[in-house]
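Notes follow the structure.
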Number of protein chains: 2
Amino acid sequence: MSRKTFQRLSLDDRRRSLMEATLTCVARHGLHGASVRRITEEAGVTVGLVRHYFGSKDELIRNAYAYLVGQLTAQASESARATEGKSEAQLASFLRANLTKPNMDEETVSLWATFIGRVRHDPGFAEIHRDGYREFLNVLESLIEPVLIAHGCPYSIAICRNHAIALNGLIDGLWMEGAINSGLYAQDILPDLITSAAERLLDLPAGTLSAPDIPHHTSNAPTHPKQQSKPS
Amino acid sequence: MSRKTFQRLSLDDRRRSLMEATLTCVARHGLHGASVRRITEEAGVTVGLVRHYFGSKDELIRNAYAYLVGQLTAQASESARATEGKSEAQLASFLRANLTKPNMDEETVSLWATFIGRVRHDPGFAEIHRDGYREFLNVLESLIEPVLIAHGCPYSIAICRNHAIALNGLIDGLWMEGAINSGLYAQDILPDLITSAAERLLDLPAGTLSAPDIPHHTSNAPTHPKQQSKPS
DNA sequence: CGCACTGTTATACAATTGAATAATTTTAAT
DNA sequence: ATTAAAATTATTCAATTGTATAACAGTGCG
């Protein structure tokens with residue numbers, strides 16, 4: 001009857017390991033099925049560590065949520081930052097990043113929704129969500145602004161913000177429904193769909209955001225390959 | 001120690017009562033806090049009835065979810081159907097209905113998100129969600145079609161469907177973020193924002209959807225004096 | 001090498017959970 | 001008014017939950 005041999009991890013490593021195990025368990029079994037025992041088993045440790053590192057299970061879950069939100073926005077804005085070239089390309093890259101892997105992932109969306117359900121009841125969750133959302137809006141605004149200016153669109157802070165709100169809604173909605181409703185339509189259509197939709201939302205000429213350089217191959221558009229009617 | 005006096009309810013009434021109590025409890029305490037005991041206490045009965053009417057707690061929750069989804073789409077499409085006049089007005093009415101009370105409600109959105117998190121793990125939830133989503137898309141398509149035709153827009157089944165997908169994404173995203181993020185911006189702006197956004201998404205002339213007849217200048221009514229009556 | 005520190009394991013415990021069963025009351029038909 | 005069937009209550013039970021506590025073991029410092 002020897003004890004389990006173990007390895008001491010640094011504070012950050014152990015905390016991250018527990019948070020990731022939490023996300024895995026919530027994704028697999030839902031919030032109600034993510035018990036401390038399952039989480040710690042997933043992380044390969046025993047239950048005591050939750051109390052040791054996070055004080056309580058709730059605090060662990062809150063931290064895991066913040067960890068997830070951080071990763072999501074970081075990945076998308078990183079994708080924009082990594083795109084060289086004109087501001088249109090960066091905005092397009094950001095939009096597409098939200099509707100392609102790894103962000104566009106059923107498990108991730110499912111996780112996100114599960115946590116959103118707790119925002120209303122837990123002030124800690126509310127704060128995490130609000131901060132994440134605010135940052136997302138800010139990134140979006142900073143990407144929209146130069147595009148509007150470059151095209152001589154009517155511009156003001158209020159206009160820019162409203163565009164960001166609408167665009168964010170579009171991203172979120174397509175992201176959620178698209179990831180969960182795999183089956184009603186192919187997810188592949190979403191990146192092209194959102195770039196074209198964004199052009200119209202921002203009153204940009206058609207084609208501004210789609211394929212300035214790279215051919216995005218709008219796969220199979222059977223009958224009407226493109227709608228380029230521009231009513232005056 | 002006499003027993004609790006009780007009243008026999010019809011099968012439908014009792015079932016609905018239990019489903020509504022379930023939604024109330026999930027909204028108040030989250031899924032994990034909606035225990036059979038709390039639910040039945042909310043409904044004013046004892047725990048045995050869950051087994052009697054639904055067989056298991058999971059089945060009760062599934063039914064409550066279907067009940068919620070049904071109410072949501074019914075209310076929105078009812079709002080469109082009740083609007084007399086041109087097809088533009090009906091579409092506008094549908095859009096606005098999704099972003100005003102009673103559909104635009106933090107508790108409702110929170111409920112919806114909580115359930116969405118289970119869609120991935122529970123085939124029963126998945127079916128309910130898919131059916132509800134499909135119907136929502138269909139309603140949207142049937143509202144978009146006549147508007148496109150009336151304005152001589154390029155039209156095909158594929159185009160119409162893509163517009164419905166985008167518009168549905170916009171609705172869902174604004175609905176969710178708007179309801180939960182009260183504080184970052186006023187929810188009042190959303191109805192106008194979505195009508196104007198929808199005009200651009202569908203390539204309609206500006207003003208087509210906004211205020212054809214009715215001035216919906218929703219003067220900032222701080223509190224909603226009238227409680228939305230639940231369909232009995 | 002020895003020793004203290006603390007990360008980690010192991011175990012215990014009270015509370016809560018969903019479900020099952022038995023007992024009782026209401027309702028409606030006769 | 002009797003009676004049978006169904007609805008509802010009351011109670012029990014095993015399993016699981018989150019947390020608390022004590023014992024152990026890996027690590028680095030002297």
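Note that the structure is predicted; figures quoted are calculated from it, not measured. Naming: A, B, ... by sequence-line order, numbering from 1 per chain.
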**Item:** Step-by-step salt bridge (Lys or Arg N to Asp or Glu O under 4.0 Å) determination, B:E41 to B:R38
**Value:** CA-CA 5 Å; B:E41 182 189 18; B:R38 257 205 271 255; over 6 Å; no

From [options], nucleotide with atom closest to [X] side chain:
{"X": "A:V36", "options": "D:dT9, D:dT19, C:dA19", "answer": "D:dT19"}
{"X": "B:L49", "options": "C:dG7, D:dG18, D:dT9", "answer": "D:dT9"}
{"X": "B:V47", "options": "C:dT8, C:dT17, D:dT11", "answer": "D:dT11"}

**Request:** Identify, between B:G33 and A:R37, the residue whose nearest nucleotide on DNA chain C lies closer to the 5' end.
**Result:**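 Looking at the nearest nucleotide for each, A:R37 comes out on the 5' side.
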
[X] [atom1] - [N] [atom2] separation (whole Å):
{"X": "B:F54", "N": "C:dG18", "atom1": "CZ", "atom2": "C1'", "result": "16 Å"}
{"X": "A:L11", "N": "D:dG26", "atom1": "CG", "atom2": "P", "result": "20 Å"}
{"X": "A:E41", "N": "D:dT16", "atom1": "CD", "atom2": "P", "result": "13 Å"}
{"X": "A:H52", "N": "D:dT21", "atom1": "NE2", "atom2": "C1'", "result": "13 Å"}
{"X": "A:L31", "N": "C:dT17", "atom1": "CG", "atom2": "P", "result": "16 Å"}
{"X": "B:H32", "N": "C:dT17", "atom1": "NE2", "atom2": "P", "result": "10 Å"}
{"X": "B:R15", "N": "D:dA7", "atom1": "CZ", "atom2": "P", "result": "12 Å"}
{"X": "B:I61", "N": "C:dT17", "atom1": "CD1", "atom2": "P", "result": "12 Å"}

**Request:** Would you please test B:R62 and B:E59 for salt bridge (Lys or Arg N to Asp or Glu O under 4.0 Å) and show each step?
**Result:** CA-CA 5 Å; B:R62 263 186 289 265; B:E59 196 58 30; 3.1 Å; yes

**Request:** Please confirm whether the backbone N or O of B:T24 pairs with a side-chain atom of B:H29, one donor and one acceptor, at under 3.5 Å?
**Result:**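 Not confirmed, B:H29 side chain does not pair with B:T24 backbone.
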
**B:R134 side chain to A:L184 backbone, donor-acceptor under 3.5 Å** =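 Here the side-chain-to-backbone pair does not exist.
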
**Message:** With a cut-off of less than 4.0 Å, is there a side-chain N or O of A:Y53 near OP1 or OP2 of C:dT8?
**Reply:**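 True: A:Y53 side-chain N/O within range (under 4.0 Å) of C:dT8 OP1/OP2.
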
**Prompt:** Is any side-chain N or O of A:R14 under 3.5 Å from a base N or O of C:dG7, one able to act as donor and the other as acceptor?
**Reply:**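 In this structure, the two groups form no donor-acceptor pair.
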
**Prompt:** Within the modelled atom types, does a donor on one side and an acceptor on the other bring the side chain of B:R51 and the base of C:dG18 under 3.5 Å apart?
**Reply:**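 Looking at the base of C:dG18, it does not pair with any donor or acceptor on the side chain of B:R51 (distance under 3.5 Å).
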
**Sugar-phosphate only, base, or nothing, as touched by B:S35 at under 4.0 Å among non-hydrogen atoms** =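 Since only primed, P, OP1 and OP2 atoms lie under 4.0 Å of B:S35, the category is sugar-phosphate.
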
**Asked** Hey, what's the ring geometry for A:F125 with A:Y65, parallel, tilted or perpendicular (30° and 60° as the breaks)?
**Response**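 Parallel, since the angle between the ring planes stays under 30°.
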
